Amino acid sequence: MKAIEQLRINGGLPSPKGVALAIMQISRRDDATLEEISRLVQSDPVTSGRLLHMANAASVGARPLASIPEAIIRLGLAAVRQLAMGFSLVDQYRSGACKSFDYPRFWSHSLLMAVAMQELGKRVRLASPDELFACGLLARIGQLALATLYPEEYAQLLQRGDETTVEAERQLLHVDHNELTAVILEDCGIPRALAEPVFFHENVEAASFAEGSRPYQLTRLFHLARRLADLSLAPDEQRTQHIGELMLLGGKIGLDAGELGILLDQVHAQWHDWSAVLHVPDGKVPAFADLLANPVAAADGAPAAVEVSRVLWVASAAPVRAMLTEILGGMPDQVVHSASSGEEGLALAVQLMPQVVIADSRMPGLDGWALCRALRATPWGQSIYLIVLASVTSETEIRLATEAQINDCVSPAQAARMLPLRMGAARQYVKLLTQWEHDRAQLKRFSAELAMSNRKLQHYALIDQLTGLQNRRSGMESLAQAWSMAERSGDSVTMMMIDIDRFKEVNDTHGHAVGDQVLLEVARTIRRSARKEDAVCRMGGEEFLVICRNADLSSSLHAAERLRKAVASVRVAVEDQQLGVTISIGLAAREDGMADPGALVNAADKALYAAKKKGRNRTCRYEDGKLYLEG
Ligand SMILES: Nc1nc2c(ncn2[C@@H]2O[C@H](COP(=O)(O)OP(=O)(O)OP(=O)(O)O)[C@@H](O)[C@H]2O)c(=O)[nH]1
């Protein structure tokens, strides 16, 4: 039997637990309903909160959601299942027995991959961005599995270097992290179409997917996300090495440097946001424009003090090469590379992304004109400052220069004298371009931050600031939703309208601050005593509403009486006194004759009024147009 099968049988592989496991099991059934899944999710407030965060983050500009069924519809069942699983693994494996495995860093990196995959998924529409988030989060789970299954042996391997190779793992443990990742993803129900690209993402060349096919592109996307995460966690002085590779990878999926920069900055903003939600550490990464402008820019994102231009010159003839070496070698503030043929120059340009290219027009094979045309044909080549060594006098040369969209040309005979001068113009151009890119990236960053604070504002617009409960607007939305679901399914909806008795006296006697404290305690008691799936909101002042789905009048009556007694037993410490309050409750259920949610609110209101009139600290029930007092 293969080692991997044995591991599966023995158990012990990282696997989801609790609600995530239940969601996974239930969603395998064909007849699983949205309601069943919603109920399950709602039974776990932490998962509920994270899924709402995801659903609201996934739909910038759309109406913010406060209800789980809506969040599930917006995200899709597959994404909900996978996200719940990912979150469950993060919670369970924050630490472990492997002494050399950095668990917080592992999750930090995984989270970066998750948000990078989500952002990439929005740009390159190959799969649902939310499913890609979950796959990114789990893309390296095999390493965690090794640390869990073989804490001591894996620690030995890690002591040899940060990254362990699959060969070394197989030699010592007879299994490697990629195999384990594949098994866990399969066990978690991640479709093969996504699991296979994850499997190959570290070594894209090993996959035999047809060029341009969906798995081929997905594998590259995961690879790019991986490198982006590596860059983000790398020490400051090593980041520049990663940038070139990242640009190259970005270019392969059609992202130019500007777009890549925006992506990177957005990923980092989301990373910070999600780190707080999942309690995973994050770090500070300078803005992309600053990373480019200054390889070791300060982490506070201050622009680089000295502009450094990346210059590439390409010439085959020995005398021209000697001349260029001499002229360009002595110029300050630039990094100069050279190539001895057009073909080599093109390959180097792809790698280095130079800002200035100087090409000799006379070269065998790919000449200077053809090289410039090839560069201009790429998205990132549009902004290179191109200088060709040629004496453009004939009509043909003018046509060639126009077609290649060059910025300048210098006759070879005059190059020794004129090139230093022309390079001054090139440097000025690079400086302006860098400044512009920096400003553009900053603008994008501002707008991303603005979008994020708008989302937060939208969230706060649905939450009561004092108690943290849903506010009136959000409560009315929950009611409308419960009402329409009940209309479709015939299930019951009941409502408790709750009002604190003689609250004005509390304010008048003890002041508003104590009044607020009482409100907060009552709100907590109501939330605690309600079921998880009940919507609890503060309607304003000292009035609260509880909306209960799938609960009939008699069970809601029990719940209301329990709640009333619970509030009556609460004490708030005020100086040397223990202050107590009571509540009155009006209870009503949706009845056939009621036209809309407003009719239900009116019925509960009438019952509340009657409870107040009959002495307070009571529950009154409305049924078929009649009022019945309890308590
Ligand atoms: N401390 C505090 N008081 C509030 C807040 N919102 C409303 N109130 C006060 O709540 C009190 C409500 O008083 P009333 O509507 O007269 O009702 P009551 O005194 O509770 O009497 P009954 O409802 O008839 O039992 C008023 O004094 C409001 O100023 C708040 O956010 N904080």
Side-chain angles (χ1 to χ4, degrees), residues 66 456-479 494-530 534-548 556-557 559-588 598-622 626-631:
K456 282 187 184 140
L457 277 180
Q458 285 169 337
H459 171 76
Y460 288 131
L462 296 173
I463 298 293
D464 174 56
Q465 294 299 292
L466 176 67
T467 61
L469 295 176
Q470 289 177 243
N471 61 13
R472 170 189 280 271
R473 186 174 139 207
S474 156
M476 289 299 107
E477 275 186 26
S478 298
L479 174 62
T494 59
M495 170 189 289
M496 294 179 212
M497 186 91 79
I498 301 163
D499 191 279
I500 305 178
D501 297 326
R502 304 198 195 288
F503 187 60
K504 189 170 177 309
E505 278 179 25
V506 176
N507 274 336
D508 292 348
T509 317
H510 303 284
H512 252 69
V514 171
D516 282 359
Q517 220 180 319
V518 169
L519 277 172
L520 204 56
E521 276 310 318
V522 171
R524 276 193 199 129
T525 311
I526 300 177
R527 181 64 273 177
R528 258 201 309 266
S529 118
D534 295 340
V536 179
C537 58
R538 181 179 175 209
M539 294 292 277
E542 82 294 19
E543 193 170 278
F544 300 88
L545 199 65
V546 180
I547 302 155
C548 319
S556 296
L557 190 56
E561 279 296 276
R562 203 177 52 234
L563 167 63
R564 187 177 63 79
K565 288 171 189 158
V567 172
S569 66
V570 167
R571 291 289 172 270
V572 176
V574 182
E575 290 167 358
D576 51 355
Q577 286 183 50
Q578 294 292 323
L579 187 64
V581 288
T582 59
I583 53 170
S584 297
I585 305 178
L587 176 69
L600 177 56
V601 176
N602 281 339
D605 208 27
K606 270 188 193 150
L608 174 63
Y609 184 71
K612 289 270 184 193
K613 229 172 140 191
K614 295 288 175 184
R616 299 177 174 84
N617 190 18
R618 308 192 71 165
T619 298
C620 180
R621 149 176 72 96
Y622 175 101
K626 296 204 182 74
L627 297 165
Y628 303 89
L629 280 162
E630 312 288 331

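No experiment lies behind these values; they were computed from the predicted model shown. Order of appearance sets the numbers: ligands from 1, and atoms from 1 within every ligand.
Met495 and Ala604 make their closest contact through SD-CB, 3.8 Å (heavy atoms, listed as atom of the first residue, atom of the second, distance). Nearest heavy-atom pair across Ala610 and Leu629 is O-CD2, 4.4 Å.
By the criterion of a heavy-atom distance under 4.0 Å, both the backbone and the side chain of Asp516 are placed next to ligand 1. For Asp508, no heavy-atom contact with ligand 1 is shorter than 4.0 Å. Contacts between Val518 and ligand 1, counted as non-hydrogen atom pairs separated by less than 4.0 Å, are absent for every part of the residue.
Shown in contact with Asp501 at under 4.0 Å from a heavy atom are these atoms of ligand 1, numbered in order with element: 25 (O). For ligand 1, the atoms closer than 4.0 angstrom to any heavy atom of Ile500 are 20 (O), 23 (O), 25 (O). Distances below 4.0 Å separate heavy atoms of Gly515 from the following atoms of ligand 1: 1 (N).
Between Lys612 and Asp501 there is a salt bridge, with a side-chain nitrogen of the basic residue lying less than 4.0 Å from a carboxylate oxygen of the acidic one.
Considering Thr467, Asp534, Leu469, Val536 in turn, Val536 is the only one that fulfils the side chain to side chain contact (heavy atoms under 4.5 Å, CB included) rule with Ile526. None of Arg564, Glu561, Met497 except one satisfies the side chain to side chain contact (heavy atoms under 4.5 Å, CB included) rule with Ile585; the exception is Arg564. The side chain to side chain contact (heavy atoms under 4.5 Å, CB included) test with Phe544 is passed by exactly one of Ile583, Leu563, Leu519: Leu519.
Below 3.5 Å of separation, one finds an N or O of Phe503 facing an N or O of ligand 1.
Rounding to the nearest 0.5 Å places CD1 of Ile547 at 12.0 Å from OG of Ser556.
Side chains of Asp499 and Ser584: no donor on one and acceptor on the other come within 3.5 Å.
Regarding atom 15 (O) of ligand 1, its nearest protein heavy-atom neighbour is Glu542 OE2, 3.6 Å. Nearest protein neighbour of atom 28 (C) of ligand 1, counting heavy atoms only, is Asn507 ND2, 4.1 Å. In terms of protein heavy-atom proximity, atom 7 (C) of ligand 1 is closest to Gly541 CA, 3.4 Å.
For atom 31 (O) of ligand 1, the nearest non-hydrogen atom from the set Arg538, Lys612, Lys504, Arg616 belongs to Arg538.
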